[in-house]
Number of protein chains: 2
Amino acid sequence: MELSCKSEYAMLALLALANHYTQGEPRQIRQIATEQQIPDRYLEQLLATLRRGGLVRSERGAKGGYLLAREPWKVTLLEIVECIEGLKTRSSATKSSPKTIESAIVREIWQEVRQTTHSVLQKYTLQDLKEQRDAKQQLNIMYYI
Amino acid sequence: MELSCKSEYAMLALLALANHYTQGEPRQIRQIATEQQIPDRYLEQLLATLRRGGLVRSERGAKGGYLLAREPWKVTLLEIVECIEGLKTRSSATKSSPKTIESAIVREIWQEVRQTTHSVLQKYTLQDLKEQRDAKQQLNIMYYI
DNA sequence: TTATACCCCGGTTCTCCACTGGGGTTTGTT
DNA sequence: AACAAACCCCAGTGGAGAACCGGGGTATAA
């Protein structure tokens, strides 16, 4: 369960798609990449992963691009991170079950940590991020005046 | 902020030290390593890190070994993880401040996740682990009867 | 003096991240 | 039909870190 650059990029891309969700028109990799300052060839791979994970769908050919596969409020951040990080299980988590009592105890703590991270990520959807974005946008305009 | 194998080993080692804390005699790497099933040369490195981090102190020479630097209830799991993982900041966290509004939003979420992980790890001390261990120990004995 | 411990440094293999690049395929437009 | 715009797949690269192994040095008790 990482919070790597990959996940951040994925979030940004999906948020970009969520912002244009009502239009119903696909957005291109290049667009998103320049808008969100992400290396485009890298973003391409991430979007492919998200597509295989069923979070976005793509349209090929000219005027093609990517669209959210679901409504923004039906996509939790947990789904995104799990899709992109691919259920990493570092720390020899599942493999090699704990032999000593002590290691069982430690694993329980690890489990608790993982659980709380999950619940944080699960309580937010793309819609929430979009709303936060809009709020912040408004704030910036206010300051500008 | 990782939950790698390293951290698990460190926890186990410190827990092993905590269990013998009242004796006041140092425990050797080899002892701990065989008891907790950790490769000893690797454990050596981790204990060195913990020593530099002020969590354990060492006595050299024959009859030497390692001791907890503080009482078990004064060592939080967060300290251990931070000492061993060395304040990792993956995801380009601190470096390269967010340029877009969207990335600022995502960073806030990241921050929240990190915060909750911290608070979970901070609420436990080595003493707590020791007590959990003892409780589980008792349970196993009960089952055996 | 010797055996026992820690101490320090270095190297290895592996995996993953964050990219970059080449070439192929689908599709709308002219 | 030709073309360009997009996605698609696959491959490679450089660096970092994890999880080790090993050698040789140094302090200390017996």
Side-chain angles (χ1 to χ4, degrees), chain A residues 1-13 17 25-34 36-53 56-67 69 81 84-93 95-96 103, chain B residues 1-13 17 25-34 36-53 55-67 69 81 83-93 95-96 103:
Chain A
M1 181 55 46
E2 262 333 274
L3 298 187
S4 60
C5 204
K6 284 173 78 168
S7 303
E8 190 180 331
Y9 288 162
M11 293 276 179
L12 294 175
L17 293 183
E25 300 206 330
R27 302 204 67 195
Q28 292 79 37
I29 293 176
R30 295 292 302 273
Q31 265 187 25
I32 303 173
T34 56
Q36 301 294 332
Q37 318 236 56
I38 305 173
D40 54 349
R41 300 310 301 275
Y42 193 38
L43 179 58
E44 187 184 343
Q45 293 175 30
L46 301 181
L47 282 169
T49 308
L50 292 171
R51 180 175 50 76
R52 281 187 283 269
V56 301
R57 59 194 174 81
S58 63
E59 286 177 9
R60 306 186 62 171
K63 290 280 176 70
Y66 288 90
L67 297 129
V81 173
I84 222 70
E85 307 282 356
L87 293 168
K88 287 292 153 45
T89 171
R90 216 171 186 91
S91 97
S92 71
K95 67 159 185 176
S96 80
S103 93
Chain B
M1 180 56 47
E2 264 331 274
L3 298 187
S4 60
C5 202
K6 284 174 78 169
S7 303
E8 190 180 330
Y9 288 162
M11 293 276 179
L12 293 175
L17 293 183
E25 299 205 333
R27 303 203 65 194
Q28 293 79 36
I29 292 176
R30 294 293 301 274
Q31 264 187 26
I32 304 173
T34 57
Q36 301 294 331
Q37 319 237 56
I38 306 172
D40 55 348
R41 300 308 301 274
Y42 193 37
L43 179 57
E44 186 184 343
Q45 292 175 32
L46 300 181
L47 282 168
T49 308
L50 293 171
R51 179 176 51 77
R52 282 187 283 270
L55 291 176
V56 301
R57 59 193 173 81
S58 63
E59 286 177 10
R60 306 186 61 171
K63 289 281 176 71
Y66 288 91
L67 297 129
V81 173
C83 172
I84 223 69
E85 308 281 356
L87 292 168
K88 286 294 151 44
T89 171
R90 215 174 187 92
S91 98
S92 73
K95 66 160 184 175
S96 79
S103 93

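Reminder, nothing fancy here: chain letters follow the sequence lines and each chain counts from 1.
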Here's a test of your reading of the structure: between A:Arg41 and B:Asp40, which maps to the more 5' nucleotide of DNA chain D? A:Arg41
Does a nitrogen or oxygen in the side chain of [X] sit under 4.0 Å from OP1 or OP2 of [N]?
{"X": "A:Arg51", "N": "D:dC8", "answer": "yes"}
{"X": "A:Tyr9", "N": "C:dC17", "answer": "no"}
{"X": "A:Arg52", "N": "D:dC9", "answer": "yes"}

Answer yes or no: side-chain N or O of A:Glu44 and base N or O of D:dC7 forming a donor-acceptor pair under 3.5 Å. no
Distance check needed: [N] [atom2] versus [X] [atom1], whole Å only.
{"X": "B:Arg27", "N": "C:dT4", "atom1": "CZ", "atom2": "C1'", "value": "17 Å"}
{"X": "B:Leu43", "N": "C:dC7", "atom1": "CG", "atom2": "P", "value": "12 Å"}
{"X": "B:Tyr42", "N": "C:dT12", "atom1": "OH", "atom2": "C1'", "value": "14 Å"}
{"X": "A:Leu47", "N": "D:dC8", "atom1": "CG", "atom2": "P", "value": "9 Å"}
{"X": "B:Lys6", "N": "D:dA16", "atom1": "NZ", "atom2": "C1'", "value": "12 Å"}
{"X": "B:Glu8", "N": "D:dC20", "atom1": "CD", "atom2": "C1'", "value": "16 Å"}
{"X": "A:Ile84", "N": "C:dA18", "atom1": "CD1", "atom2": "P", "value": "11 Å"}
{"X": "B:Leu46", "N": "C:dC8", "atom1": "CG", "atom2": "P", "value": "15 Å"}

Give me the atom names and distance for the closest heavy-atom approach of [X] to [Y].
{"X": "A:Tyr66", "Y": "A:Val56", "value": "CD2-CG2, 3.9 Å"}
{"X": "B:Ile29", "Y": "B:Leu43", "value": "O-CD2, 3.8 Å"}
{"X": "B:Ser58", "Y": "B:Arg51", "value": "OG-CD, 3.3 Å"}
{"X": "B:Leu12", "Y": "B:Gln36", "value": "CD2-OE1, 3.7 Å"}

Side chain of B:Gln45 - closest among D:dC7, D:dC8, C:dG10: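 Shortest atom-to-atom distance from the side chain points to C:dG10.
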Selected nucleotide, minimal atom distance to A:Gln28 side chain, candidates D:dC7, D:dA19, C:dA18: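 Ranking D:dC7, D:dA19, C:dA18 by closest atom to the A:Gln28 side chain puts D:dC7 first.
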Scan B:Ile29 against the nucleic acid and name what it touches under 4.0 Å (heavy atoms): base, sugar-phosphate only, or nothing.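 Sugar-phosphate contact only - B:Ile29 comes under 4.0 Å of backbone atoms but never of a base.
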Is the backbone of B:Leu3 close enough, under 3.5 Å, to the side chain of B:Glu8 for a donor and an acceptor to pair up by distance? no
Under a 4.0 Å heavy-atom cutoff, the residues of residues 55-66 of chain B touching DNA chain C are B:Ser58, B:Glu59, B:Arg60, B:Gly61, B:Ala62, B:Gly65, B:Tyr66
Hey, does A:Glu85 have a side-chain heavy atom less than 4.5 Å from the side chain of A:Ser4?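 Yes, side chains in contact.
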Indicate yes or no: at least one non-hydrogen side-chain atom of A:Glu2 is less than 4.5 angstrom from one of B:Glu2. yes
